[in-house]
Amino acid sequence: MTLFELLTQGTECLERAESPDAGNDAKLLLLEAFGLDMTHFLLNRMQKMPEDQRVSECVEKYREWIARRAKRVPLQQILGSQEFMGMEFFVNEHVLIPRQDTETLVELVLERECRNERQNEQPDEHECENHGKIQRNIQHKKRVLDLCAGSGCIGISLAVLGGFEYVAEADLSEEALKVTRKNVERLVQGAGTSVECFHGDLFSAIPDGAEPFDILVSNPPYIPTKVIEGLEPEVRDHEPMMALDGTEDGLLFYRRIAKEAGRVLAPGASVYLEIGYDQGEAVSELLREQGFMEIEVHKDLAGNDRVVCGRFVG
Ligand code: GLN
């Protein structure tokens, strides 16, 4: 048996299951199952493999993975990871797989909240030194809350890349929080940030008496229930429903976030919410009704509305 034969068999199996991107997925699974890089594969794919125990274990693993993929299990759940903001996040069936669209939100926060901080690192020589220091301290102490954290991709990226002093990750799902914690352990160590994970329903996850937060980020479930059944099987059948379902109109979590923000946000806190492509106006309106200011809608790389941001007045 050769690697090429295995690849052909796997590709055909995935094509029969109408799995999109069959050839590419089969190749990635093959490389991973055998622990090979692309160069090795290209150079050796036509060679007969030895019939030893190691090879048969790899073949077995590969066939098992192909069978799962044929059931439309997302590739990331089979391989156990997804890249996001240049980092590898562990994922399983209990968390939403991080999407590239969500990088728009992270980049926006980094640009808006960390640019000032960097400017303050080189205070104008003529500026009162004390003033510069106070500014720097205030900026450095920004506390970030990531609601509906899932894999933790938003909060962890901000902790690592933005250097925020403190990030709280909150999620209603205990199983999801296990994944968040695992990613915190793997990715945040040594970043000089403290990231804590809390279990609970939106803001109530945060213990009473906690210091107020300066930045709220969230990618809450926002797909209207009826829309979910029309989604591709990878999402509909394998990603956690509670990470997707935004109830009948898709807006429940924005409504609640806008109403309950006062529980834990500091007056003047910035809020960044990921939204569906057609929810920009509705979410802006929900925030406006609750007195938020400076509301803006931002687009993702595909040109769709993707993030609503605003300022909590208090
Ligand atoms: N915050 C995670 C993400 O953006 C999970 C979001 C969710 O579960 N709705 O991928």
Side-chain angles (χ1 to χ4, degrees), residues 74-77 80-110 144-162 164 167-184 186-188 195-203 205-206 213 215-225 227-228 231 234-236 238-247 250-257 271-277 279 283 298 300-301 304 306-309:
L75 194 72
Q76 295 92 332
Q77 287 181 5
S81 76
Q82 169 65 40
E83 189 265 349
F84 182 84
M85 294 301 292
M87 291 177 269
E88 282 296 321
F89 284 81
F90 168 73
V91 297
N92 63 19
E93 69 277 21
H94 299 296
V95 296
L96 194 79
I97 298 165
R99 308 293 207 265
Q100 201 188 0
D101 294 336
T102 306
E103 294 185 342
T104 303
L105 186 155
V106 173
E107 280 160 8
L108 189 66
V109 180
L110 291 175
V144 180
L145 171 58
D146 178 11
L147 288 183
C148 311
S151 65
C153 63
I154 300 176
I156 291 172
S157 300
L158 291 176
V160 174
L161 304 173
F164 292 101
V167 177
E169 300 275 22
D171 205 289
L172 180 55
S173 156
E174 280 280 16
E175 288 301 324
L177 269 185
K178 286 184 192 160
V179 177
T180 322
R181 285 195 195 97
K182 189 162 170 170
N183 283 319
V184 170
R186 285 158 51 123
L187 299 168
V188 181
V195 181
E196 273 190 289
C197 298
F198 297 99
H199 176 240
D201 182 22
L202 290 185
F203 296 104
I206 302 304
F213 289 88
I215 299 173
L216 168 69
V217 290
S218 184
N219 175 21
Y222 58 67
I223 303 178
T225 311
V227 175
I228 293 177
L231 295 176
E234 282 81 356
V235 181
R236 184 191 61 212
H238 298 284
E239 290 201 85
M241 197 51 68
M242 72 187 275
L244 301 169
D245 189 353
T247 72
L251 299 172
L252 173 74
F253 293 93
Y254 303 110
R255 212 170 273 128
R256 287 193 52 200
I257 287 171
V271 172
Y272 299 86
L273 305 173
E274 179 169 326
I275 55 159
Y277 70 96
Q279 294 172 326
V283 174
H298 290 262
D300 59 23
L301 291 173
N304 294 317
R306 187 57 62 194
V307 179
V308 172
C309 59

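Whatever order the structure lists them in is the order used to number ligands and atoms, beginning at 1. Bear in mind that the values here come from a model prediction, so they are computed numbers and not experimental data.
Note on residues 88-100: pairs passing salt bridge (Lys or Arg N to Asp or Glu O under 4.0 Å), not counting sequence neighbours, are Arg99-Glu239.
Two residues are said to be in side-chain contact when any heavy atoms from C-beta on lie closer than 4.5 Å; Glu107 and Met85 meet this criterion. Here the side chains of Leu216 and Ile257 are in contact, with some heavy-atom distance below 4.5 Å.
Applying the side-chain contact (heavy atoms from CB on, under 4.5 Å) criterion to Phe253, with sequence neighbours excluded, gives Leu202, Pro220, Pro221. Annotation: side-chain contact (heavy atoms from CB on, under 4.5 Å) contacts of Leu251 (sequence neighbours excluded): Asp249, Tyr254, Arg255, Gln279, Ala282, Val283, Leu286.
Around the CG atom of Leu301, the shell of radius 6.0 Å holds no more than 12 heavy atoms that belong to other residues, nucleotides or ligands.
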Check ligand 1 for N or O atoms under 3.5 Å from a protein N or O and list each pair with its distance.
residue: ligand 1; atom: 1 (N); partner: Cys148; partner atom: O; Å: 3.1
residue: ligand 1; atom: 1 (N); partner: Ala149; partner atom: O; Å: 3.1
residue: ligand 1; atom: 4 (O); partner: Asn219; partner atom: ND2; Å: 2.9
residue: ligand 1; atom: 9 (N); partner: Asn219; partner atom: O; Å: 2.8
residue: ligand 1; atom: 9 (N); partner: Ala243; partner atom: O; Å: 3.0

